[in-house]
2 protein chains.
Amino acid sequence: MANIKDVAKAAGVSTSTVSRTINNSPSISLATKERIFSVMKELNYSPNMIAKSLTNNKSYTVTLIVDVEDEKSYQNPFFYEIMHGIERHVYRKEYSLIVANLSSTQKNQSVIEWLIKGKRTDGVILPASILSSAMIEILRKYNIPFVAIGEPVGLKESVSWVDVDNKKGTENAMYYLFEKGYRNIGFLGLNKTQLFSRKRLEGYKSALSDEQHEIDNDFIRECMNTKKEGYQHMIDLLQRDHRPDAIICADSHIAFGAIKACGELHLRIPEDIGIISYDNSQLAEISDPEITTVYVDVFELGLQSAKQLFELIEDPQKIDQGLLISTSIKVRETA
Amino acid sequence: MANIKDVAKAAGVSTSTVSRTINNSPSISLATKERIFSVMKELNYSPNMIAKSLTNNKSYTVTLIVDVEDEKSYQNPFFYEIMHGIERHVYRKEYSLIVANLSSTQKNQSVIEWLIKGKRTDGVILPASILSSAMIEILRKYNIPFVAIGEPVGLKESVSWVDVDNKKGTENAMYYLFEKGYRNIGFLGLNKTQLFSRKRLEGYKSALSDEQHEIDNDFIRECMNTKKEGYQHMIDLLQRDHRPDAIICADSHIAFGAIKACGELHLRIPEDIGIISYDNSQLAEISDPEITTVYVDVFELGLQSAKQLFELIEDPQKIDQGLLISTSIKVRETA
DNA sequence: TAAGTTCATGCAATCGGTTGCGTTATCGCT
DNA sequence: AGCGATAACGCAACCGATTGCATGAACTTA
């Protein structure tokens, strides 16, 4: 395959001149530029990125870390959509995207360090679950820009991140339910250890107080993201004297359980009970009835994370910041 | 960050010697090797892979192409599992994995050519859906080894591929149903345009003839992979005089529809009707009742594809070949 | 002991680009 | 005509590794 020397020879110039026309230097005459470009076409020449990397000290590559321990990113179609968004921006920048798995539990940052030390990557996008202090220390030490997916919690350091606006998303879901006439809304699926869950609860509460409703703590149920627990809590809620007429589920699996519970107690959805869950299109659409959800544009989430990363790569002075992606309501059949 | 010269200087040797100890050349004395290694630790040295790439003319990188148009790989958790399997082997080889999206419809191979011409990749794993003749031509022209995921169909060229053993998988599902006492088994979800679907039908038919059953063509239904079509065909099948007592569904969405149909006709699962579908754990487990499936070890599928790719990378004389990944039955509640 | 081997290591070119600095030719101006 | 300025390009060093060949020392062997 042709290299820069071949082009130079064929065009009767030096490699410097070829290099400068490739990089669009102003000090080359239009005539020679055109000649060189036509030679490049003829020879089917493309610059060798490896060589470019070596001289420019850039890998033209960014890395997406995936948390293999996290069932969420692991089995979830979200993951691919996020990657797709990242990929779009990365290729627009003529970079390529490398993917590496890492386990949050084994605190093993070796892959990252390996990539960095081998000079294989210019930046990293990683789930907040993996962003320990040790990880940050490594990234800072080697001066590698990074962006977290998900708002990091309990960090001294300030970092760049993007996350879903879970609070506002839940608020909007609440307003939507109010609008549809639902008045006694419960919240199913609180998980105090997870920020997104707490944020969703915040939205739930703030919407209630905005609308002058009281907060009934028994309407707020802590449970795992499983169909089973969703079912049990829903049964329990529905058998109270004062039962809810709508439910916000923190997860689609929970919503499946809740729907099953409604079916067993012969409550009609959405007439007797409204249900809104968070988005997992595949599950939401296959459910019967189909689940109305808070829709999260995860493609956009990925895209924005990549954008932030490149801002850091291009301007190392750029200060870190957080960004919230707003949501919308995807109306289906349960509300 | 320390480079090979720093190490050489600190150890009082030439860079050649350092390079040779890194690459485990036999012609370096044990004493100096040890000294150099200890210096390397001290200086926290890792070889610059970019430089290595330039001299060795290898990128130490392989590329996974994803078909963005294919809803299947796109939304499907399978995708991530495949990638995970690939990734495992790739990192074992001290390569890194780059991911690129491509659309099968727009026949746009630019990303691949861009990666190849930029010398960014040593090999490609790509879905058979994308493996057009034009694509093969490009890959061959630049001498880039590649492996298809899915058995390619209608190609003159012989290529390497890995696929799920859909025929045997369906056969085994049939044997399992026979064993459980089901006798009149239908096949829901034939899609003649897709090889995997035809292979599943082959398995269905061969199991029937093995067991001396007749093939009732009305028991074989062509339909799309949607809940809706699954539902309609199932209703139709169940209202026949001679109705099936078990169904093999080519897809979990279809199975959801089938289950809904059984519910409406008050048929009990698995007592009155047995159902086996192909694996999509997330859907299978959230269904009520949970769906018994033909389990596909997609992690293994990915791993094997990567293995094949490296065989081609390491030995360009290696002939292309196909590999089938065997399946197993994951018993849940529907059969 | 001189010549031939073997062992351990260094020299320098090379991979394919980039870039600071120097060089040449042309032009404008006095 | 002479001089400085400017435009357009080339030279050569450099990025961080690898490797064929050369070299010197130690060791064999006759």
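Chain A is the first sequence line, chain B the second, and so forth, proteins listed ahead of strands; every chain is numbered from 1.
At least one side-chain nitrogen or oxygen of S19(A) sits closer than 4.0 Å to the OP1 or OP2 atom of dT18(C). Side-chain N/O atoms of T32(B) include one lying less than 4.0 angstrom from OP1 or OP2 on dT9(C).
Residue contacts shown for K5(B) are limited to sugar-phosphate atoms, with no base heavy atom under 4.0 Å away. Among the heavy atoms of the strands lying under 4.0 Å from I28(A) are primed sugar atoms or P, OP1, OP2 only; no base atom is included.
T17(A) and S14(A) form a side-chain donor-acceptor contact under 3.5 Å, judged by distance and modelled atom types alone. Side-chain contact, E300(B) with Q304(B): a donor N or O sits under 3.5 Å from an acceptor N or O. A donor and an acceptor atom, one from each side chain of S326(A) and D165(A), are nowhere located under 3.5 Å apart.
No hydrogens or angles were tested; on distance alone, a donor-acceptor pair under 3.5 Å links the side chain of R20(B) to the base of dG10(C). Donor-acceptor pairing under 3.5 Å, judged by distance alone, is present between the side chain of S16(A) and the base of dT19(C).
Atom pair N3(B):CG and dT18(D):P shows a separation of 12 Å (rounding to whole Å applied). For the pair I4(A) CD1 and dT18(C) P, the interatomic distance rounds to 5 Å; values are reported in whole Å. Rounded to an integer number of Å, the gap from CG of N24(A) to C1' of dT19(C) is 16 Å.
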